[in-house]
Amino acid sequence: MTVKVFVDMDKCQHYGQCCFEASDVFELDEDGKLQYVAEADESRRDDIESAADVCPMQAISVE
Amino acid sequence: MSSVVIVGAGLGGLRAAEALRANGFTGTITVVGDEVHLPYNRPPLSKEALAGGVDVPGLEFRRKASIEDVDWRLGSAAVSSDLAERTVTLADGTTLAFDGLVVASGIRPRRLPIPGPQEGRHVLRTAADAHAVRDRLRPGTHVLIMGAGFIGCETAATARALGAEVAIVAIDEQPMVRPLGAELGAGMRRRHEEHGVRFHLGHSIDSFVGDDHVQVAVLSDGTELPADVVIEAVGSVANVEWLAGNDLDLSDGLLTDSAMQVATSSAPVVAVGDIARHPNALFGSVARRIEHWNMPTETGRRAGATLAALLAGDEPDRGPFCAMPSFWSDQYHHKLQSFGMPGIADRIELVEGSVDGPCIVEYHDASGLVGVVGVDRTQELAPYRKQLAARAG
Ligand SMILES: Cc1cc2nc3c(=O)[nH]c(=O)nc-3n(C[C@H](O)[C@H](O)[C@H](O)COP(=O)(O)OP(=O)(O)OC[C@H]3O[C@@H](n4cnc5c(N)ncnc54)[C@H](O)[C@@H]3O)c2cc1C
Ligand code: SF4
């Protein structure tokens, strides 16, 4: 099983809070724009859920 | 089956409920909220939701499946409590019994007694507040903002974007001076001035003039300012009244230990979010309330784990609490981001850029780096955050 990650880029303000919870999944690039991987291993679920919790814009959904 | 009552249906209450479940608590959870809404996100109320329209369902937090069975008692405030009897009484007369209690009732904006008409005076804490303000922000309307903290400044930026005429009156020497310091505060002031905001710093409001509705504000130096809408953002008062009579330390919010537990022999009680005055081992032993959005999540997780342990008859983790305070703010597409506690610093150093452009500012005290603020430099703050986290030792 994998975890599906979706970030609503209309909502995302590139604060990078998510990156501190799961740096292998979420990253700010050199221009400060959020980059993320859309599918991660099931073992990463808790950290990805945490990332969704701490997103100020509540832009992250997890499946 | 044991039961938990959570008073306050905001972010802290929500996270505490989730953490109780995540830590194996299977009893009943009842969340009491005086607002009629399920927990929703407040920061947009001074930013995009104020600019674009207050759509509360769109602001609601996602609720995890683990808390599907929570009983939400919304639209009724807790008015009193008896910790020895383990009961909370609501405004509608209901009394709820509990085995464990979570205090999550947050804060409310402070109101200053100012003579003159009262109609037209607003605050910004709830969706209802934002709704009332939103309806009055029109092009050309004279908006007078009391207080130059984050909420005052964000509201000023939003009101300008909507075409209103905006003045800020504050006793401080610069906007956001306590968290940012005078230099960066001045830089932020100049950004606001470029967008047409007028500042009256070092002043307070003596009185309002008007018939039923405020029309003019009279400042301490006699200046008269037109004021169709007054928005007051001059600090906060903790919602602790319902806890009176239980012999608790309510001097500034509710005091807790590092496990977020409240010292009382009566019942297991924890506190979370804006109301909780708690020690943070990253910044010495002083207990503080921290009104940042990330703290309800951090304190909620810890408090939920503590309460679940206590109700299971286990000893909770009483080790140091080391959550990283973090805030952000959005003003005219400028992004401020902070980690740590810049407000406690006694030495401030601009390390990159200029306070009038993208920059990074370090905040120090005798113990070393205590905080960092970046303006439009979010992606470069990670190493500072790491350095601050290393203060845990
Ligand atoms: C306009 C605005 C903008 C903000 N912007 C930012 C930002 O950009 N960045 C940032 O870091 N932080 C920001 N914050 C702060 C952040 O929103 C708060 O720190 C956070 O909401 C605190 O959550 P809480 O659960 O502790 O309290 P709250 O969200 O206030 O929840 C407490 C709930 O309890 C209810 N309640 C109170 N008394 C009772 C009672 N007796 N019985 C029942 N219910 C009761 C309250 O009505 C409320 O619904 C902002 C806040 C506001 C108001
Ligand atoms: S925390 Fe949210 S807003 Fe910030 S970068 Fe991540 S997804 Fe975007």
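This is a predicted model, so every value here is computed, not measured. Letters go in sequence order (proteins before strands), and every chain restarts at 1.
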Exercise for the section: Go through the structure and list residues passing salt bridge (Lys or Arg N to Asp or Glu O under 4.0 Å) with E63(A), not counting sequence neighbours. Expected result: none

Handout entry: Pairing residues for D376(B) by the salt bridge (Lys or Arg N to Asp or Glu O under 4.0 Å) criterion, not counting sequence neighbours
Key = none

Problem - Closest heavy-atom pair and its distance - Q337(B), Y15(A) - result: OE1-O, 3.1 Å

Handout entry: Heavy-atom closest contact (P56(A) atom, W293(B) atom, distance)
Key = CA-CH2, 3.7 Å

Check each atom of [X] against the heavy atoms of chain A and say whether the ones under 4.5 Å are side chain, backbone, both or neither.
| X | result |
| --- | --- |
| R385(B) | side chain |
| A22(B) | neither |
| E380(B) | neither |
| F339(B) | side chain |

Main-chain N/O of [Y] paired to [X] side chain as donor or acceptor, under 3.5 Å:
| X | Y | result |
| --- | --- | --- |
| N41(B) | M57(A) | no |
| R15(B) | D53(A) | yes |
| Q379(B) | E30(A) | yes |

For chain A, find which of [options] contributes the most heavy-atom pairs closer than 4.5 angstrom.
| options | answer |
| --- | --- |
| K64(B), E298(B), E48(B) | K64(B) |
| L14(B), T378(B), L381(B) | T378(B) |
| R301(B), K386(B), M324(B), E18(B) | R301(B) |

Practice task
To the nearest 0.5 angstrom, please state how far the CD atom of Q13(A) sits from the CH2 atom of W328(B).
Solution key: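 If I round to the nearest 0.5 Å, the distance is 10.5 Å.
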
Exercise for the section: Starting at CG of L11(B), measure out to CD of Q58(A) and round the result to the nearest 0.5 Å. Expected result: 7.5 Å

Problem - chain B contact residues among residues 39-51 of chain A, heavy-atom distance under 4.5 Å - result: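 So the qualifying residues are E49(A), S50(A).
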
Handout entry: chain B-proximal positions within residues 19-28 of chain A [heavy-atom distance under 4.5 Å]
Key = F20(A), E21(A), L28(A)

Exercise for the section: For H37(B), look at atom NE2 and say whether over 12 heavy atoms of other residues, nucleotides or ligands are found less than 6.0 Å away. Expected result: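 Enclosed: over 12 neighbouring heavy atoms sit under 6.0 Å from NE2 of H37(B).
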
